[in-house]
Amino acid sequence: MNRFTIENKSKFCRHFLEPLSKLSPKCVLKIEKDSIQAKSSYPDGSLYLEATSSLDTDVTDPKEIAFVDLSRFIKTLDFIEKDVASFKLDQNYVSYKDTNNHFMLYLNDPKVVSKPRLSFEKINSLPFNLDITLSTGVFFEIIKASVIYPDLNKLYFTFANKTLKIELSDKTKSNCDGFTRTTENVEFGDAAYDFILPLDSFRIILTNKVENMQFRFHKASTLVNLLYEIDGIKLSYVIPCLLK
């Protein structure tokens with residue numbers, strides 16, 4: 001029987017488990033020596049996530065624990081009063097026991113729980129046309145503006161002349177209102193890039209409030225990759241985009 005220990009239960013739930021569950025209740029967690037990794041995606045393929053974190057384990061061979069309802073695991077963890085929690089991992093269940101609580105969650109076969117088909121290994125090897133660090137403040141301002149324009153859910157990105165313009169609009173509609181946020185002195189070279197992303201993806205990505213994130217764009221595959229780290233947990237989101 002193997003063991004793994006979560007050093008900070010509240011942060012692990014908030015920054016690792018909850019972002020995964022917001023995309024899909026089904027998830028496979030891969031536990032290795034001193035690390036944990038998981039992938040999740042929207043059923044329609046409009047947003048993908050890979051989360052990785054260090055983890056105290058005595059696992060010698062990689063183990064996969066599969067949930068069809070990850071939120072049940074998250075809610076069960078709420079009953080644990082300690083912030084450091086150690087779990088036993090058997091072949092088909094994970095268990096926890098202290099003086100007040102004892103729970104056992106049976107696991108599903110990892111082979112029958114669907115995993116995102118997107119390869120993050122290939123994503124990381126791409127020669128990105130655009131790779132910059134952006135303040136998340138501009139996106140929070142657009143999300144705030146979206147309350148005024150609840151019928152708009154498309155973000156039109158324009159990178160040109162060291163200026164980034166993000167327009168909240170829907171150009172498939174006639175006489176459509178809009179809101180544009182401009183950021184100047186953005187260092188991304190001389191090339192110009194135009195593409196469209198859904199606002200709802202950023203509502204999910206920015207659930208964890210961080211100051212900056214890495215923003216990467218690969219034109220040939222029309223993919224945007226957004227990365228940030230919080231409390232030692234690394235999150236990598238991929239959004240298929242439309243070219244303008």
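D170 places no side-chain N or O within donor-acceptor distance of the main-chain N or O of D151, the cut-off being under 3.5 Å. The main-chain N or O of R181 is never found under 3.5 Å from a side-chain atom of K165 such that the two would form a donor-acceptor pair. The backbone N or O of S35 sits nowhere less than 3.5 Å from a side-chain atom of S54 that would complete a donor-acceptor pair. With hydrogens and angles ignored, the 3.5 Å screen pairs no side-chain donor or acceptor of N212 with any backbone N or O of T133. In this structure, S125 contributes its side chain and K122 its backbone to a donor-acceptor pair below 3.5 Å.
Grouping the Ile, Leu, Val, Met, Phe, Trp and Tyr side chains by contacts below 4.5 angstrom, directly or via other members, places F140 with L152. In this structure, L199 is a member of the same hydrophobic cluster as Y149, with clusters built from ILVMFWY side-chain heavy atoms closer than 4.5 Å. In terms of hydrophobic clustering, with Ile, Leu, Val, Met, Phe, Trp and Tyr side chains grouped at heavy-atom distances under 4.5 Å, I230 and I74 are assigned to a common cluster. L29 and L105 fall within the same hydrophobic cluster, where Ile, Leu, Val, Met, Phe, Trp and Tyr residues are linked whenever their side-chain heavy atoms come under 4.5 Å apart, directly or through other members. Taken together through direct or relayed side-chain contacts under 4.5 Å among Ile, Leu, Val, Met, Phe, Trp and Tyr, Y193 and I142 form part of one hydrophobic cluster.
Residues A192 and A160 approach most closely at CB-CB, 4.2 Å, considering heavy atoms. The two residues P127 and H218 come nearest to each other via the heavy atoms O-CD2, 3.4 Å. Between N129 and K219, the shortest heavy-atom contact is OD1-N, 2.7 Å. Summarising the geometry of S46 relative to S201, their closest heavy-atom pair is O-OG, 4.1 Å, with the distance given to 0.1 Å. Among all heavy-atom pairs drawn from C241 and F217, the shortest one is SG-CE1, 3.8 Å. Shortest non-hydrogen contact noted between S10 and N8 is OG-OD1, 3.0 Å.
Taking the salt bridge (charged side-chain N to carboxylate O under 4.0 Å, His left out) definition, one finds that D56 meets it with R3, sequence neighbours left out. Taking E121 as the reference, K39 meet the salt bridge (charged side-chain N to carboxylate O under 4.0 Å, His left out) condition, with sequence neighbours excluded. Partners of N100 under the side chain to side chain contact (heavy atoms under 4.5 Å, CB included) rule, at least two apart in sequence or in another chain, are E81, D98. For D34, there are no side chain to side chain contact (heavy atoms under 4.5 Å, CB included) partners, not counting sequence neighbours. For K11, the salt bridge (charged side-chain N to carboxylate O under 4.0 Å, His left out) partners at least two apart in sequence or on another chain are D231. Residues meeting the salt bridge (charged side-chain N to carboxylate O under 4.0 Å, His left out) test with E167, sequence neighbours left out: K171.
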* How far apart are the C-alpha atoms of I233 and T52, what are their side-chain angles, what is the distance that settles it, and do they pass the side-chain contact (heavy atoms from CB on, under 4.5 Å) test? -> CA-CA 6 Å; I233 297 170; T52 58; over 6 Å; no
* Asked: Can L49 and L20 be said to form a side-chain contact (heavy atoms from CB on, under 4.5 Å), step by step?
  -> CA-CA 7 Å; L49 167 62; L20 292 164; 3.8 Å; yes
* Could you go step by step and tell me if N2 and T57 meet the side-chain hydrogen bond (donor to acceptor under 3.5 Å, both in side chains) rule? -> CA-CA 8 Å; N2 297 114; T57 79; over 6 Å; no
* Asked: Yes or no on side-chain contact (heavy atoms from CB on, under 4.5 Å) for L197 and V224, after CA distance, side-chain angles and deciding distance?
  -> CA-CA 9 Å; L197 295 174; V224 167; 4.1 Å; yes
* Worked verdict on I148 versus D177 for side-chain contact (heavy atoms from CB on, under 4.5 Å) -> CA-CA 10 Å; I148 307 172; D177 295 332; over 6 Å; no
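Distance check: N153 CG to S169 OG gives 11.5 Å after rounding to the nearest 0.5 Å. Interatomic distance, Y48 OH to I239 CD1, rounded to the nearest 0.5 Å: 12.0 Å. Distance CZ/F87 to CZ/F4: 5.5 Å, rounded to 0.5 Å. Atom OG in S41 sits 12.5 Å away from atom CD in E50 (nearest 0.5 Å). With rounding to the nearest 0.5 Å, the separation of OG in S135 from CD in E141 is 10.0 Å. Taken to the nearest 0.5 Å, the NZ atom of K97 stands 14.0 Å off from the OG atom of S86.
With contacts defined as side-chain heavy-atom distances shorter than 4.5 Å, the pair N208/Y228 qualifies. Using a 4.5 Å heavy-atom cutoff, the side chains of K115 and E64 are in contact. Between Y42 and S24 there is no side-chain heavy-atom pair separated by less than 4.5 Å. Between L168 and T180 there is no side-chain heavy-atom pair separated by less than 4.5 Å. Side-chain contact between V186 and K162: absent, with no pair of heavy atoms (C-beta onward) separated by less than 4.5 Å. By the 4.5 Å heavy-atom criterion applied to side chains, I65 and N108 are not counted as neighbours. Contact check for T158 versus L164: no side-chain heavy atoms found under the 4.5 Å cut-off. With a 4.5 Å cut-off on side-chain heavy atoms, L227 and M213 do not count as touching.
The only option from L130, L126, N124 that meets the side chain to side chain contact (heavy atoms under 4.5 Å, CB included) definition with F128 turns out to be L126.
Ring-plane geometry between F139 and F202 is classed as parallel, the angle between the planes falling under 30 degrees on a 0 to 90 degree scale with a further cut at 60.
Using modelled atom types, one finds no donor on one side chain facing an acceptor on the other under 3.5 Å when comparing D78 with T76. N161 and T163 are not linked by any side-chain donor-acceptor pair at a separation below 3.5 angstrom, with hydrogens and angles left out of the test. Side chains of D90 and S95: a donor-acceptor N/O pair is absent below 3.5 angstrom, by distance only.
Ring-centre distance between F157 and F215: below the 6.0 Å cut-off. Not less than 6.0 angstrom separates the ring centroid of F103 from the ring centroid of F79.
Within a 6.0 Å sphere centred on NZ of K33, heavy atoms belonging to other residues, nucleotides or ligands number more than 12. Within a 6.0 Å radius of CZ in R203, other residues, nucleotides and ligands contribute more than 12 heavy atoms. Annotation: K9, atom NZ; neighbour count of heavy atoms from other residues, nucleotides and ligands within 6.0 Å is above 12. Heavy atoms of other residues, nucleotides or ligands lying less than 6.0 angstrom from CG of N175 number 12 at most.
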